[in-house]
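What follows is a single structure, written as structure tokens, with notes after it.
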Amino acid sequence: MVTNFLQKFQLQNNQLVLPKKQLVTYALYALLALALLHHLLFYPAPAPEKAVVVPRVQDDVATVVSSQVDAPEQLPPPPPVGQKGDEVLVNPQAEAEVSAPPPPPCDFSDGEWVPDARPPLYNGTSCGTIKDGQNCMAHGRPDTSYLYWRWHPKGCDLPPFSPDALLRWLRNKHLAFVGDSLARNQAESLMCLLASRSPPELVHRDGEENKRRRWVFRSHNATVSVFWSPFLVNATEKAERAGVRHNNVFLDAFDERWMARVREIDAVVLAVGHWFLIPGVYHDGGVVVACHDCADLNRTETGDWDKSGACPKKRPYRSGEKELGYTETEMRKTVVEAVAQANAGVGAGSGLRFAALDVTTLANLRPDGHPGPYMHKDPFAGAGDRVQNDCVHWCMPGPVDTFNEILLQTILLR
Ligand SMILES: *[C@@H]1O[C@H](CO)[C@@H](O)[C@H](O)[C@H]1NC(C)=O
Ligand SMILES: *[C@@H]1O[C@H](CO)[C@@H](O)[C@H](O)[C@H]1NC(C)=O
Ligand SMILES: *[C@@H]1O[C@H](CO)[C@@H](O)[C@H](O)[C@H]1NC(C)=O
Ligand SMILES: *[C@@H]1O[C@H](CO)[C@@H](O)[C@H](O)[C@H]1NC(C)=O
């Protein structure tokens, strides 16, 4: 289904052409796959004991969809093909050398956190793009050890973030982050990392709570933007029904907030997940096709980012110390499969490349990297019985910077 959706992408003169109608039709299935709705949805609602209990999803798997405007580098011509019968003369060793497979690309998705004394590239006052709720440093978080860890993938190394390398790649290009508040969190981390090298200029700002922003690094004519779109398609977010908030998601309609600009974008990071855990009604062609947590429409909302208790741990889990939960596992699998299908299908030979930015495991091991109560200054001053905790987003600086280290390598290792 995802493949069908992606076959509707066409490249004309290296321009990404998105035929509206087809995309609308197939976006349904792409989203179903991306968001694992087939595990989360039920319609009509089954008996309560069959309802999927959805644990808090800490982490998203983002998809990088990169539309290469510059043509892929020409491969060297294949070695001349020998005459018929020549193959018997081929020295097997020489052949082995010629056809020796390149080393497998590094798999950054599995590994462990190891101590690292190097300080982050930015801090709570050096960067202007840290959302208040994620500025743990400036809010007086007393422990700082969460800053001194580096992700060590199994069997290879993840190079530290290089603002120069990313800016070089981004020269005359536009990189967009589309998704929910975690997409924004990652985009803001990237802005801070890059700003340590070159000052960005905010050139566009639109929507409340910084929901759409665009910056340009004049040094490189490099553009980074953030689009708020927690379902990637058209939706009314947290509409009221009988006093309870829920989403209405229109699977057959674009979210024009970002789709209208997609042709300007050279690479996009799609990052969604959390909002699918909120009660929601899914519409297609004017018909309700699915419903998540429908029973909850009559009781208090679940899935809110701040209702999951505290995250007081002060150090990462060791490798294997905390297994992935059901939802994380399934969401990750779905995205990884969708990306593989996309590359084998429409991606093949088209100049479009898809990659899973698979941060599921590394994020799952970092309970110490969330703001917890340090979403604002002096959280315990005059607090009542309950201090609000954010155990979903990420402190900046913090583990979210590693997402961008992997993003950079994903972009460079083509
Ligand atoms: C943050 O970084 C700025 C600029 O690099 C530096 O002047 C300042 O001392 C740093 N602040 C802290 C608290 O480390
Ligand atoms: C600057 O970058 C944009 C892409 O974001 C590109 O369309 C434009 O042509 C670039 N300008 C120059 C002068 O190269
Ligand atoms: C959602 O769809 C409606 C109806 O087609 C349209 O008016 C609206 O502009 C769309 N919103 C977004 C954000 O795309
Ligand atoms: C909520 O409960 C009332 C009374 O049980 C029922 O009539 C109504 O249909 C329910 N609403 C939803 C959205 O399930």
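Each ligand, and each atom within it, is numbered from 1 in the order the structure gives.
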For this session: Record the part of Glu264 in heavy-atom contact with ligand 2 below 4.0 Å; permitted values are side chain, backbone, both and neither.
Result: neither
For this session: Record the part of Thr223 in heavy-atom contact with ligand 2 below 4.0 Å; permitted values are side chain, backbone, both and neither.
Result: side chain
Exercise. In Å, rounded to the nearest 0.5 Å, how long is the span from CG of Leu232 to CH2 of Trp275?
Worked result: 13.0 Å
For this session: Could you check whether the rings of Tyr282 and Phe276 sit parallel, tilted or perpendicular, using 30° and 60° as the cut-offs?
Result: parallel
Seminar exercise, completed: Residues passing the side chain to side chain contact (heavy atoms under 4.5 Å, CB included) test with Pro399, sequence neighbours excluded, are Trp113, Arg366, Trp394
For this session: Could you list the residues that satisfy salt bridge (Lys or Arg N to Asp or Glu O under 4.0 Å) with Asp164, not counting sequence neighbours?
Result: Arg197
For this session: Could you list the residues that satisfy salt bridge (Lys or Arg N to Asp or Glu O under 4.0 Å) with Asp116, not counting sequence neighbours?
Result: Arg118
Exercise. By number and element, which atoms of ligand 1 are closer than 4.0 Å to a non-hydrogen atom of Thr125?
Worked result: 1 (C), 11 (N)
For this session: Begin from the C-alpha positions of Arg205 and Arg212 and carry the test side chain to side chain contact (heavy atoms under 4.5 Å, CB included) through to its verdict.
Result: CA-CA 6 Å; Arg205 178 187 198 135; Arg212 283 187 298 284; over 6 Å; no
Exercise. Which ligand 2 atoms, with their elements, are less than 4.0 angstrom from a heavy-atom of Lys173?
Worked result: 5 (O)
Problem set entry | Arg315 and Glu321: CA distance, side-chain angles, deciding distance, salt bridge (Lys or Arg N to Asp or Glu O under 4.0 Å) verdict | CA-CA 12 Å; Arg315 55 176 293 139; Glu321 194 182 339; over 6 Å; no
Problem set entry | Nitrogen or oxygen of Asp266 less than 3.5 angstrom from that of ligand 2 | no
Show me the short polar-atom pairs for ligand 3: any N or O of it lying under 3.5 Å from a protein N or O, with distances only.
| unit_1 | atom_1 | unit_2 | atom_2 | d |
| --- | --- | --- | --- | --- |
| ligand 3 | 2 (O) | Asn234 | ND2 | 2.2 |
| ligand 3 | 11 (N) | Asn234 | ND2 | 3.1 |
| ligand 3 | 14 (O) | Phe254 | O | 3.1 |
| ligand 3 | 14 (O) | Glu256 | N | 2.7 |

Problem set entry | Residues Glu201, Arg213: salt bridge by 4.0 Å N-O rule | no
